[in-house]
Amino acid sequence: MGFGKDFLWGTATASYQIEGAYNEDGKGLNCWDVYASTSGRIKFNENANVACDHYHHMKEDVALMKEIGAKAYRFSISWTRILPDGTGKVNEKGIKFYSDLVDELLANGIEPLITLYHWDYPFELHKKGGWMNPDSSEWFLEYTKVVVDALSDRVSYWITLNEPQCELGCGFKLGNHSPFEQHNVRDLLIMGHNIILSHGKAADYIRNNAKKPAKISFAPIGPCAIPENVSPEAVEKARKLTFSTNKDNFCFSISYWSDPIYLGKYPDELIEDYGDLVPKFTEEEWKLVSTPLDFYGTNIYYAQESKKIGEYSDIYFQGKMMTNIGWPLTPEVMYWAPKFYYERYGKPVMMTENGMASHDWVCLDGKVHDSYRIDYLHRYIREFRRAADDGVELAGYMCWSLMDNYEWSHGYTQRFGLVYVDYPTQKRTIKDSGYWFKKVIETNGEEL
Ligand code: GCO
């Protein structure tokens, strides 16, 4: 069966990680701009003030996508480039940048997929309490309206939120992402509630107001557990673990976010664990939250740990193959996750991110020979295709990332790109994996 004829092959990035130009042309500051270098939580205190300087290399970067043969590009919009204070005054130069990007993509036959929010929260709104503020979903709606009104005449694919798990879990529970805070369960449930409602209001607005018929989703992480074997009992055990809200770690779970959005209810387990601490949606709000979506976006890099084995676990064992960032190689997750998500949420699955970090450099011959990344992608995409062969509807695959960029708390130490970026000179070099991916696209993944 393989990937269908309309399967979208592309690459993905996010505004803060690539754009730079953090204070140019009227852009307002976000929480990463303000805290990255002062938090003490980022490798070498690095920030993305310049990053890949994509703001000034936009056309060159679209040309690279074209060279790689990508049919789609997932990128995020910087909220404060559009609304410098988060609400109120609109920055026309910010809109122009994204409008030009969309035009450039379309002129090169590349489908734009917009992520509205990939973690770069407006600093002015943060000062007003951010997601804790009961108005926060209205702020998000105001921002959504400006973007959708400006770009939906040319854009069909909309992803409301990237990985709300990390937004909440890393930003406000663990405190290792901006704004580097640590909150109690009560606060986390309030913020989660407002984030889910923000998604709902945005999805409803897009559905009813986009000028082109819209395809909408969000892009949660997909920490799926892999069955120990293929017996029905083992599969059921993995399924249960995959969708568990996981008590104190509920903000990193799948079901805490996806059940309200795709099934119109909170998971029973969450209510059993937290009862009245879980803020309630009105009936009207539930309708917005569960606005029917078109696909299920998911970012997947490795499986969920499901069993401790002494010092180790089923996914981390002595000498286990790991990528440079320390994530284990678990290609089977690309089969099981789409299968489980399709069963539960009933929508075509789009891999909105997948890829690997490795130690890359430009070799003496001027090329980047990243054979490990080719092997990683080969193993993962092959498993993804197996899900299609098994009847799971798949919508696309967005490789993370188009180019090396700022990897949050790891600063620039992790290279995820199909394109190498030499930061001091901003010179780009397509890696061997970029050319390999080009062939995969040309053959629609049939030769893997
Ligand atoms: C995430 C984000 C990306 C990361 C990528 C590699 O998944 O954390 O969506 O911004 O850069 O996933 O960690």
Side-chain angles (χ1 to χ4, degrees), residues 10-20 30-32 36 41-43 46-48 51-52 54 73-79 113-121 159-178 180 195 199 217-224 251-254 257-258 296-304 322-330 333-334 337 350-360 370 373 376-377 380 396-419 421 433:
T11 62
T13 63
S15 46
Y16 185 69
Q17 296 178 274
I18 65 165
E19 285 179 5
N30 60 54
C31 288
W32 280 91
R41 303 291 305 263
I42 307 284
K43 192 91 182 165
E46 286 169 334
N47 61 47
C52 310
H54 169 71
Y73 176 49
R74 175 183 173 219
F75 62 96
S76 80
I77 304 237
S78 157
W79 186 338
L113 274 69
I114 288 186
T115 307
L116 286 169
Y117 181 67
H118 199 126
W119 308 347
D120 39 4
Y121 200 80
I159 292 163
T160 54
L161 308 168
N162 180 70
E163 299 187 9
Q165 289 106 330
C166 296
E167 171 71 13
L168 189 60
C170 299
F172 298 94
K173 181 179 194 299
L174 302 179
N176 58 2
H177 275 190
S178 194
F180 307 97
I195 294 173
H199 158 86
S217 181
F218 77 134
I221 46 170
C224 165
C251 49
F252 286 106
S253 76
I254 294 171
W257 304 96
S258 300
Y296 186 85
T298 182
N299 298 349
I300 296 186
Y301 295 86
Y302 59 101
Q304 181 183 155
M322 280 182 206
T323 67
N324 195 40
I325 202 168
W327 297 347
L329 203 69
T330 57
V333 69
M334 294 288 276
M350 182 182 297
M351 199 56 56
T352 35
E353 280 179 31
N354 168 247
M356 77 165 275
S358 77
H359 289 289
D360 301 310
D370 56 339
R373 183 171 290 102
Y376 173 103
L377 294 175
Y380 274 64
Y397 176 92
M398 301 300 130
C399 186
W400 186 271
S401 175
L402 168 67
M403 56 188 159
D404 297 337
N405 57 48
Y406 180 78
E407 179 55 24
W408 310 111
S409 56
H410 300 271
Y412 295 95
T413 59
Q414 304 298 324
R415 294 182 176 273
F416 273 90
L418 295 174
V419 174
V421 178
S433 59

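Whatever order the structure lists ligands and atoms in, that order sets their numbers, starting from 1. Everything quoted here is computed from the prediction, not taken from an experiment.
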Whether Asp370 and Arg415 form a salt bridge (side-chain N of Lys/Arg under 4.0 Å from carboxylate O of Asp/Glu) is what I want to check. no

Consider ligand 1: state whether an atom of it lies below 4.0 angstrom from any non-hydrogen atom of Tyr406. no

Report, in ascending order of atom number, the atoms of ligand 1 lying under 4.0 Å from any heavy atom of Phe416. 6 (C), 13 (O)

Do Lys43 and Glu407 meet the salt-bridge criterion of a basic N to acidic O distance under 4.0 Å? no

Which residue owns the protein heavy atom closest to atom 7 (O) of ligand 1, what's the atom, and how far is it? Glu163 OE2, 2.2 Å

Whether Ser217 side chain and Gly297 backbone form a donor-acceptor pair below 3.5 Å: yes

Write out the residue and atom name of the closest protein heavy atom to atom 8 (O) of ligand 1, then the distance separating them to 0.1 Å. Trp119 CH2, 3.2 Å

Identity and separation of the nearest protein heavy atom to atom 9 (O) of ligand 1: Glu353 OE2, 2.6 Å

Counting from 1 in the order shown, the ligand 1 atoms closer than 4.0 Å to a non-hydrogen atom of Asn299 are 9 (O)

On a heavy-atom basis, the closest approach of Asn176 and Arg41 is CB-NH2, 3.5 Å

The single option from Asn299, Thr115, Asn162 that satisfies side-chain hydrogen bond (donor to acceptor under 3.5 Å, both in side chains) with Thr352 is Asn299

How far is atom 11 (O) of ligand 1 from its nearest protein heavy atom, and which residue and atom name does that atom have? Glu407 OE1, 2.6 Å

For ligand 1, which is the ligand I care about here, please tell me if Trp327 has any N or O atom under 3.5 Å from one of the ligand's N or O atoms. no

So, applying ring-ring contact (aromatic ring centres under 6.0 Å, His included) with Trp119, which one of Trp79, Trp408, Phe172, Trp32 is it? Trp408

Does an N or O anywhere in Trp400 fall below 3.5 Å from an N or O of ligand 1? yes

Under a heavy-atom criterion of less than 4.0 Å, does His118 contact ligand 1? yes

Give the atom numbers and elements of ligand 1 that come within less than 4.0 Å of a heavy atom of Asn162. 2 (C), 9 (O)

Just to confirm my output: which protein heavy-atom neighbour is closest to atom 5 (C) of ligand 1, and how far is it? Tyr301 OH, 3.2 Å

Grab the two heavy atoms, one from Met356 and one from Tyr376, that are nearest each other, plus how far apart they are. SD-CB, 3.3 Å

Nearest heavy atoms of Cys251 and Lys173, plus distance in Å: SG-CD, 3.6 Å

When you check the side-chain N and O atoms of Ser401 and Thr13, is any donor under 3.5 Å from an acceptor? no

Contact atoms of ligand 1, heavy-atom distance to Gln17 under 4.0 Å: 3 (C), 4 (C), 10 (O), 11 (O)

